[in-house]
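Computed from a prediction, not measured in an experiment: that's the story for all the values here. What you see below is based on every heavy atom in this structure, not just the backbone, and it leaves out hydrogens, waters and symmetry mates. Convention: sequence-line order gives letters A, B, ...; per-chain numbering from 1.
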Number of protein chains: 2
Amino acid sequence: MVKKENLTQKQSNVLKTVYEFIADNSYSPSVRNIAEILGFSSPKGVSDHLAVLEKKGYILKNSSARSIRLTEKSLWHLGVQNPSIKNNVDYLPLLGNIAAGKPIFAEENIQEYIPISSQITGNIKCQFLLTVRGDSMSGDNIIDGDMLIVKAQNTAENGEIVVALIEDDEAVVKRYYKREDEAVELRSSNPLYEPIVIKGSLWIQGKVIAVYRIIP
Amino acid sequence: MVKKENLTQKQSNVLKTVYEFIADNSYSPSVRNIAEILGFSSPKGVSDHLAVLEKKGYILKNSSARSIRLTEKSLWHLGVQNPSIKNNVDYLPLLGNIAAGKPIFAEENIQEYIPISSQITGNIKCQFLLTVRGDSMSGDNIIDGDMLIVKAQNTAENGEIVVALIEDDEAVVKRYYKREDEAVELRSSNPLYEPIVIKGSLWIQGKVIAVYRIIP
DNA sequence: TAAATAGCTATACAAATGTATAGTAAAATA
DNA sequence: TATTTTACTATACATTTGTATAGCTATTTA
């Protein structure tokens, strides 16, 4: 699930107002435009909000007038496309070290947003990118440094390649098999690695749908 | 033919400056921004030009600051795309069976155009897509069905993975090595395949820069 | 040839604009 | 519980900004 808690409801409202103004007018609102729309009687309230939004990485501003630009992060937050871009790409967050306990989409996990052709994503939301560490899936020709496109979901079918969190460990990429005794086996495709058998807590984060690799 | 006679050269320059500023900054230039770029010492010169451009239907303005919008007419005049549509994809042709003799980009070779993020292509033109057939490059974890992003070029450095045409055969994907006797070795990365040694005609078509695979 | 238009410079100014100061109140956090 | 953060109001102010006034020259049009 996409975490929106990084912004308060009010901050999110201001961001949404900026988005809608740009979508309608193709240029940025002034501080006082936003204040009027939201019913503020002072420009300072908006100015403060914008400063917070900039600090949190949701907008970019120049010192000049009407120069607010939305970042990919803000578009992700609002769940919309760039108002001025007829989108044939979706921006997927590249997640860093996913560790148990933290929400998977926590801000500190998001390294950057990378545009992926919507022909690949199918415009399905809740997908993310993950960089492979190690060679445990080399039997599936997935190697260290590969980027995975993962569809976020918390269930899996037998044999699917999934991203999962186990106990206090970081995220692992493995093939999922549910045994008859209800335990789950996470199998590496590199025979040098033993299957991981989990009887307790296992959090499936998503299913790998594509692999992308830049040849060095 | 696009009629440009409706604008003078100077007016066209101003329009182009507006276009480029918006393309670079995602917000409109101020009158003084344009004046500085064009080397005017007074804002009035630009202001007059913008008034003419608006009267002639090339731009739209609001009374507020930085609210210039380009019309379709101006985009057509400049021969460009909407500047707010940052081209974040390139459409690369997916080539079918590349055979010797035919031009590689011949229309009958192009199966479809697939949008690839410009973050991957780097906006470098002359790239194409190729679907891998066979397992001869499995040592590089490139397997049957993988899609390759190939940069079209007709030279290669030792060790690079290239797409090449040999004699009357179809295109092959191999690692390129030039020997001291000037012969060229095309090596598979699957040890089951012998290197191909070429002393005669070899047409290098491009260099593989990325791999993309959809997990079945 | 005269008048109009194009293409500027130089200066001025009012309105638009972002932000600062100062303060209040509620909610969240430590 | 004390402190910080959030979320504003009200006013003020320095810049930014678009445009106006006045004037100039070169080119085009009638």
- Message: Let me spell it out: for each of B/Ala65 and B/Ser42, pick the nucleotide of DNA chain D with the closest heavy atom. Which residue's pick is nearer the 5' end?
- Response: B/Ala65
- Along DNA chain D (nearest heavy atom to each residue), the more 5'-positioned of A/Arg32 and A/Lys55: A/Lys55
To the nearest Å, give me how far apart [atom1] ([X]) and [atom2] ([N]) are.
| X | N | atom1 | atom2 | result |
| --- | --- | --- | --- | --- |
| B/Lys61 | C/dA15 | NZ | P | 18 Å |
| A/Ile34 | C/dA16 | CD1 | P | 17 Å |
| B/Asp48 | C/dA10 | CG | C1' | 14 Å |
| A/Leu15 | D/dA7 | CG | P | 13 Å |
| B/Leu50 | C/dC8 | CG | C1' | 14 Å |
| A/Ile68 | C/dT17 | CD1 | P | 11 Å |
| B/Leu53 | D/dT19 | CG | P | 13 Å |
| B/Phe40 | D/dT25 | CZ | P | 19 Å |

- Message: With no hydrogens and no angle check, just 3.5 Å: does a side-chain donor-acceptor pair link B/Asn33 and B/Ser30?
- Response: yes
May I ask you to say what [X] touches in the nucleic acid, namely base, sugar-phosphate or nothing, with a heavy-atom cut-off under 4.0 Å?
| X | value |
| --- | --- |
| B/Ser47 | base |
| B/Ser30 | sugar-phosphate |
| B/Lys44 | base |
| A/Ser41 | sugar-phosphate |

- Donor-acceptor pair, side chain of A/Arg66 and main chain of A/Ser28, under 3.5 angstrom: yes
- Message: Between A/Glu20 and A/Thr17 (side chain of the first, backbone of the second, donor and acceptor by atom type, cut-off under 3.5 Å), is there such a pair?
- Response: no
[N], OP1 or OP2 - any side-chain N/O from [X] closer than 4.0 Å?
| X | N | value |
| --- | --- | --- |
| A/Gln11 | D/dA7 | yes |
| A/Ser63 | D/dT16 | no |
| A/His49 | D/dT6 | no |
| B/Thr8 | C/dG7 | yes |

- Query: Nearest nucleotide by nearest heavy atom, which residue falls closer to the 5' end of DNA chain C, A/Ser67 or B/Gln9?
  - Reply: B/Gln9
- Charged tip of B/Arg213 within 45° of A/Tyr212 ring normal and under 6.0 Å: no
- Message: In terms of relative ring orientation, are B/His49 and B/Phe40 parallel, tilted or perpendicular, with 30° and 60° separating the classes?
- Response: tilted
- Query: Out of D/dT11, C/dA12, D/dC8, which nucleotide sits closest to the side chain of A/Pro43?
  - Reply: D/dT11
